[in-house]
Amino acid sequence: NLTKALVDITGARVVAVGDDWQSIFAFAGSDITLFTKFLELMGDGKEMHITRTYRNSQELIDIAGGFIQKNHAQIKKKLISHKSLPNPIKVLGYEDAKGKMLRNWGQAVERAVAEIVEEFGQNSTILMIGRYNLDMETLIRFGPFKAINEEEIRSEKFPKTRITFLTAHSSKGLGFDNVILVNMRDDKFGFPSQIEDDPIMKLVTVTDDSIPFAEERRLFYVAMTRTKNRVYMVTPNSRPSRFVLELISDYNLPHDESISKTIIEIETLRCPVCNARLKYENNKNYGLPLYMCTNDPEICDFM
């Protein structure tokens with residue numbers, strides 16, 4: 001409003017630069033319509049696209065761009081890269097049976113590190129991305145890794161490899177040789193996060209209901225595009241992230257056979273009211289694990 005007022009008074013020209021695909025700070029009060037409706041808010045102007053990317057391969061940006069543009073409210077654009085790398089995303093599953101899940105998870109993350117070292121060498125930089133800092137704490141406790149400081153991790157098997165851990169939000173704007181998304185789990189603290197905002201916060205922040213998990217989709221896009229080469233997604237066999245399942249379905253990503261069986265089982269669990277996918281998790285209101293509709297509760301609250 002201040003900028004618009006200055007323009008009206010002085011006749012100045014305004015150049016605004018940004019990427020609506022990476023608008024990930026709604027929790028701090030940001031409003032994505034400042035991107036998508038900028039010309040409307042300013043009253044006039046021209047939209048120009050910066051379409052060349054120098055970090056990601058064309059194969060990766062095609063997948064990430066297709067994923068984010070499923071939200072029809074995002075600005076449509078086609079990104080171009082001079083780099084090419086087949087199979088830029090790999091999905092690694094692990095058995096998540098009770099009592100062994102966390103150890104198996106840590107070993108799966110180590111397996112991703114091993115594959116990166118084998119292909120790109122020990123001097124390749126690795127960024128591990130978690131949805132929350134809790135992921136790093138759990139990885140250090142149950143995995144074959146040690147914390148060097150708040151962000152650096154050392155692999156016991158590959159001590160010379162530089163590994164950094166950041167949350168998806170903290171990774172924005174940064175680039176590394178390879179990326180591991182460590183916690184692609186269909187869970188409250190997984191990715192996408194299923195933590196509900198406080199009702200009071202909903203009164204003072206902008207809610208994007210253009211597609212289920214709209215903000216989390218943009219955050220996932222940011223996480224995928226931090227890599228210069230490959231992205232490894234570590235996911236449990238029985239409860240893989242819905243984002244991982246969507247990518248496997250749309251792009252036939254390389255993945256473990258055990259996840260294929262889970263996909264078949266999950267896809268058969270549909271909501272009898274709206275036909276969306278069902279999720280199985282603990283309901284805090286009833287204190288019981290229930291099958292619940294994955295649609296927004298305002299649309300369908302079946303359980």
Side-chain angles (χ1 to χ4, degrees), residues 18-30 32 35 53 55-56 60-61 63-71 74 88-92 105 108-109 112-113 116 125-140 143 145 147 150-153 163-197 201 205-208 211-236 239-247 253:
D19 186 358
D20 68 297
W21 291 8
Q22 299 187 57
S23 176
I24 60 173
F25 294 106
F27 72 91
S30 71
I32 192 173
F35 286 106
T53 176
R55 179 187 299 141
N56 313 126
L60 177 69
I61 207 64
I63 294 172
F67 174 84
I68 196 67
Q69 290 181 102
K70 280 193 173 182
N71 183 350
Q74 304 284 168
I89 301 176
K90 292 186 176 183
V91 179
L92 301 183
W105 173 52
V109 175
V113 173
I116 291 171
T125 59
I126 297 175
L127 174 62
M128 291 185 182
I129 296 180
R131 182 59 185 84
Y132 298 100
N133 280 315
L134 176 64
D135 292 331
M136 178 178 175
E137 296 170 13
T138 308
L139 195 62
I140 296 302
F145 301 95
E150 291 184 354
E151 295 183 353
E152 287 187 66
I153 291 177
I163 302 174
T164 303
F165 179 95
L166 294 171
T167 64
H169 281 99
S170 299
S171 72
K172 189 173 185 291
L174 303 177
F176 289 75
D177 293 334
N178 292 279
V179 165
I180 303 172
L181 305 186
V182 298
N183 186 13
M184 298 307 302
R185 189 170 75 242
D186 186 22
D187 186 71
K188 182 178 181 179
F189 294 96
F191 206 165
S193 169
Q194 297 172 31
I195 297 177
E196 296 229 3
D197 290 335
M201 288 299 295
T205 56
V206 177
T207 302
D208 183 359
I211 193 174
F213 296 103
E215 182 92 353
E216 291 288 309
R217 291 182 80 89
R218 290 190 289 271
L219 186 60
F220 187 53
Y221 171 84
V222 168
M224 281 194 290
T225 54
R226 298 310 92 201
T227 185
K228 299 175 184 177
N229 296 300
R230 300 196 194 281
V231 177
Y232 286 81
M233 298 183 182
V234 178
T235 189
R239 298 183 67 182
S241 160
R242 66 195 67 193
F243 287 167
V244 171
L245 294 179
E246 183 177 326
L247 291 179
L253 300 183

Is the closest side-chain heavy-atom distance between [X] and [Y] below 4.5 Å?
X: Gln194; Y: Asp186; answer: yes
X: Arg131; Y: Leu219; answer: yes
X: Phe165; Y: Ile140; answer: no
X: Ile32; Y: Glu215; answer: no
X: Arg239; Y: Asp187; answer: yes
X: Arg217; Y: Gln74; answer: no
X: Ile63; Y: Leu253; answer: yes
X: Ile116; Y: Ile180; answer: yes

Which heavy atom of [X] sits nearest to which heavy atom of [Y], and what is that distance?
X: Leu247; Y: Met224; value: CD1-SD, 3.9 Å
X: Met233; Y: Met184; value: CB-CG, 4.0 Å
X: Trp105; Y: Asp135; value: CH2-O, 3.4 Å
X: Thr164; Y: Phe176; value: OG1-CE2, 3.7 Å
X: Phe145; Y: Ile163; value: CE2-CD1, 4.4 Å
X: Ser171; Y: Leu127; value: CB-CD2, 4.0 Å

N/O donor-acceptor pair under 3.5 Å between [X] side chain and [Y] backbone:
X: Thr125; Y: Asp177; answer: yes
X: Ser193; Y: Phe189; answer: no
X: Asn56; Y: Thr227; answer: yes

Phe220: ring pair (Phe, Tyr, Trp, His ring centres under 6.0 Å) partners, not counting sequence neighbours: Phe67, Phe191, Phe243
Partner residues of Tyr221 under the ring pair (Phe, Tyr, Trp, His ring centres under 6.0 Å) criterion, sequence neighbours left out: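 With neighbours one apart ignored, the set is Trp21.
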[atom1]-[atom2] distance between [X] and [Y], expressed to the nearest 0.5 angstrom:
X: Ile129; Y: Thr167; atom1: CD1; atom2: OG1; result: 8.5 Å
X: Ile126; Y: Arg230; atom1: CD1; atom2: CZ; result: 13.0 Å
X: Met136; Y: Asn183; atom1: CE; atom2: CG; result: 14.5 Å

Would you call Glu216 and Arg242 a salt bridge, using N to O less than 4.0 angstrom? no
Apply side-chain contact (heavy atoms from CB on, under 4.5 Å) to residues Asn71 and Arg218 and explain how you reach the verdict. CA-CA 10 Å; Asn71 183 350; Arg218 290 190 289 271; 4.0 Å; yes
